[in-house]
Amino acid sequence: MADYDFDLFVIGAGSGGVRAARLASLSGAKVAVAEEYRVGGTCVIRGCVPKKFMVYASEVSSQMKTAEGYGWTIGERSFDWKRFLHDKDVEIARLSGIYVTNLQKAGAHLLHGKARVIDAHTVEVLPKEGSTDAGRYTARKILIATGGRPVRPDFPGAELGITSDEAFHLPTLPKRVLVVGGGYIAVEFAGIFNGLGVETTLLYRGANILRGFDDDVRSHMADELEKRGIRVVLGCDHKSIEQTEAGLLSTLSNDLTFETDAVMFATGREPYVEGLGLDKAGVKLNARGAIAVDKHSKTNVDSIWAVGDVTDRINLTPVAIREGAAFAQTEFYDNPTSFDHDLVASAVFSQPPVGVVGMSEAEARHAYGKVDIYRSVFRPMKLTFYGGQERCLIKLVVKQDDEKIVGVHMVGPDSPEIIQMAAIAVKMGVTKTQWDSTCAVHPTLAEELVTMKEKYVPMGAG
Ligand code: NDP
């Protein structure tokens, strides 16, 4: 057997790469992990974690409104963006440090610098300031876990806009912002900016935001965003952005113009394959430019695997972690494992947040023909006390022939927390009768999930 420097060489120390590296290392394998930026990857450094801190910071403004509704007098309000950023960065550095420690404890070697594949068993780490790790290394197996990065649209002046990467480090909070896109990041950041007092407009090219989500969720969310003061502009796109004395002037495809202090593009992310040398090793990409892999995350090259966003399957942190763990089980524990990508729950940390597991009504109708819908739109008890107007949406999609719940959709406080539990039952194949046999927890918002008895028939139907 050939003698290699390492049993496994992981490129990218994000969620998927770190999990795979740690598990492989704990099996006794000799493991290296190369990272060009900071350990922790998108999730920890410029994604889920800092975003959630921003959501927490931003939600305080509506909590103050609620407090006033309950008789509190709130004094002068001000938000110190610089202090928040500093504290956020301290916490991110702490978390990144924990990732480093965990890798070291597991016995993995951390190498600093951008890595590229030279051939099926060789990786080159490029020089990086402050690091002496540059060089060529051989490995029995190579795992690519380089994640994704934001895509910026191409039109005159687009370079004047920022992406989520920069939004985490803005030197000052803009007074007015235009957020472009209608997906997870756009809706989440529109809520963040709005909650922090920024005059916020959301611009989306399609008919309604959150394409791919259930249509009721999409229309409910658009209404709720507007109720909270976000201007939602649909069905048009940018023509150009110009720098003016007062800010950035966006001209849209309908010739409407907007002047804002910042334009943020949340127009999707692409697999980060640039400079990886995949062509040299003969690793194939799929039509979307992602690394093509089989159910065990193996590429077409026998010694190379890939996990996480760089494979563009389901681009979520816990999925990358599971894919990384399944790879390590298969290759280092003699336990062939593949992650089941079916019924992965997800949440949008918008305000209000969304929690979803399973199919939308449209997907279920397409797949099964006959489905029953149970749906409730209501004002949460917490808000009725003082006349708040926000509403929750809860919707169940039930397959008619065997009564299985194939979709649960929620918009409202704590939806991401609640959907985690709903996902267990849906993954186990729960029927509506079993679901309803679960007694309600009262008074809660979630009890509505198990108390919807009447099938929903839209107006004009049936
Ligand atoms: P999404 O794919 O969710 O949304 C991209 C949006 O940008 C879509 O609305 C798309 O429109 C629009 N768009 C794409 N290209 C252009 C263009 N050239 N001009 C104008 N609009 C454009 O990507 P995000 O960047 O929001 O997020 C990336 C991924 O990261 C998500 O899909 C998700 O997997 C993950 N993520 C998960 C989070 C969570 O779990 N809470 C949070 C953040 C990200 P159209 O619909 O017409 O294509």
Side-chain angles (χ1 to χ4, degrees), residues 14-16 41-56 147-159 161-168 178-192 201-213 215 217-218 221-222 225 232-241 250 252-254 263-272 288-290 308-321 323 341 344-357 360 410-411 415-417 419-420 423:
S15 304
T42 301
C43 172
V44 176
I45 307 297
R46 46 194 174 196
C48 325
V49 174
K51 181 273 307 288
K52 194 81 189 272
F53 290 137
M54 281 180 159
V55 171
Y56 285 139
R149 58 183 184 175
V151 179
R152 195 187 282 263
D154 185 17
F155 62 81
E159 70 283 356
I162 58 166
T163 68
S164 58
D165 281 357
E166 295 82 38
F168 291 117
L178 181 64
V179 180
V180 186
Y184 283 82
I185 297 179
V187 175
E188 289 177 347
F189 270 87
I192 289 169
T201 304
L202 182 67
L203 169 68
Y204 175 54
R205 63 184 180 183
N208 210 348
I209 56 171
L210 293 175
R211 184 166 64 82
F213 284 74
D215 284 342
V217 169
R218 299 174 71 190
M221 266 309 292
L225 294 185
V232 181
V233 178
L234 298 171
C236 63
D237 220 340
H238 259 110
K239 256 190 189 167
S240 64
I241 305 177
S250 291
L252 307 185
S253 49
N254 59 3
V263 175
M264 177 181 153
F265 295 113
T267 44
R269 295 176 64 85
E270 63 186 7
Y272 184 28
R288 298 186 309 276
D309 290 7
V310 77
T311 63
D312 197 19
R313 285 174 280 180
I314 300 179
N315 298 332
L316 299 173
T317 292
V319 172
I321 290 173
E323 289 168 356
H341 290 82
V344 172
S346 79
V348 186
F349 294 96
S350 42
Q351 298 173 45
V354 179
V356 174
V357 61
S360 67
M410 298 185 64
V411 183
S415 298
E417 306 290 340
I419 209 71
Q420 179 68 84

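Both counts, for ligands and for their atoms, begin at 1 and track the order of listing. Along the sequence shown, residues carry numbers from 1. Because only heavy atoms are used, hydrogens play no part in the values below, and waters and symmetry mates are left out as well, while side chains stay in.
Interface atoms of ligand 1 facing Gly182, defined by a heavy-atom separation under 4.0 Å, are 6 (C), 8 (C), 9 (O). Less than 4.0 angstrom separates some heavy atom of Leu316 from each of these atoms of ligand 1: 37 (C), 40 (O). Each of the following atoms of ligand 1 lies closer than 4.0 Å to a heavy atom of Ala266: 5 (C), 6 (C), 7 (O). Close contacts between ligand 1 and Pro153 involve ligand atoms 18 (N) [criterion: under 4.0 Å to a heavy atom].
The nearest pair of heavy atoms linking Ser253 to Cys236 is OG-CB, 3.2 Å.
Summary of contacts: the protein heavy atom closest to atom 4 (O) of ligand 1 is Gly183 CA, 3.4 Å. Remark: minimum distance from atom 29 (C) of ligand 1 to any protein heavy atom is reached at Arg269 CD, 4.3 Å. Among all protein heavy atoms, the one lying closest to atom 21 (N) of ligand 1 is Thr267 CG2, 3.5 Å. From the protein, the heavy atom lying nearest to atom 43 (C) of ligand 1 is Ile185 CG1, 3.4 Å. Nearest protein neighbour of atom 48 (O) of ligand 1, counting heavy atoms only, is Arg211 NH2, 2.8 Å. Closest to atom 42 (C) of ligand 1 among all protein heavy atoms lies Glu188 OE1, 3.3 Å. The protein atom (non-hydrogen) at minimum distance from atom 35 (C) of ligand 1 is Asn315 O, 3.3 Å. Counting protein heavy atoms only, atom 17 (C) of ligand 1 is closest to Arg205 NH1, 3.4 Å.
Look at Lys51 and you'll find a heavy atom under 4.0 Å from some atom of ligand 1. Under a 4.0 angstrom heavy-atom cut-off, Ala347 registers as being in contact with ligand 1. Residue Ser346 places no heavy atom under 4.0 Å from ligand 1.
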Show the atom names and distances, to 0.1 Å, of all donor-acceptor pairs under 3.5 Å that link a side chain in residues 178-185 to residues at least two apart or in another chain.
{"residue": "Tyr184", "atom": "OH", "partner": "Ser346", "partner atom": "OG", "Å": "3.0"}

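Between Phe265 and Phe189, the distance separating the two ring centers is not shorter than 6.0 angstrom.
For Thr267 (side chain) and Val151 (main-chain N/O), a donor-acceptor pair under 3.5 Å exists by modelled atom type. A donor-acceptor contact shorter than 3.5 Å links the side chain of Arg288 to the backbone of Asp312. Arg218 contributes a side-chain N or O that, together with a main-chain N or O of Leu210, makes up a donor-acceptor pair within less than 3.5 Å.
Listed by chain and number, the residues in a salt bridge (charged side-chain N to carboxylate O under 4.0 Å, His left out) with Arg269 amount to none (sequence neighbours excluded).
Using a 30° and 60° split on the angle between ring planes, His238 and Phe155 fall in the parallel class, below 30°.
Among Thr42, Asp237, Val319, the residue whose heavy atom lies closest to atom 19 (N) of ligand 1 is Asp237.
For the atom pair Leu202 CG and Met221 CE, the distance stands at 9.0 Å (nearest 0.5 Å). Separating the CZ atom in Arg46 from the CZ atom in Phe168 is a distance of 9.5 Å, to the nearest 0.5 Å. The distance from atom CD1 of Ile192 to atom NZ of Lys52, rounded to the nearest 0.5 Å, is 11.0 Å.
Checked against a 3.5 angstrom limit, the closest N/O atoms of Gly268 and ligand 1 fall inside it.
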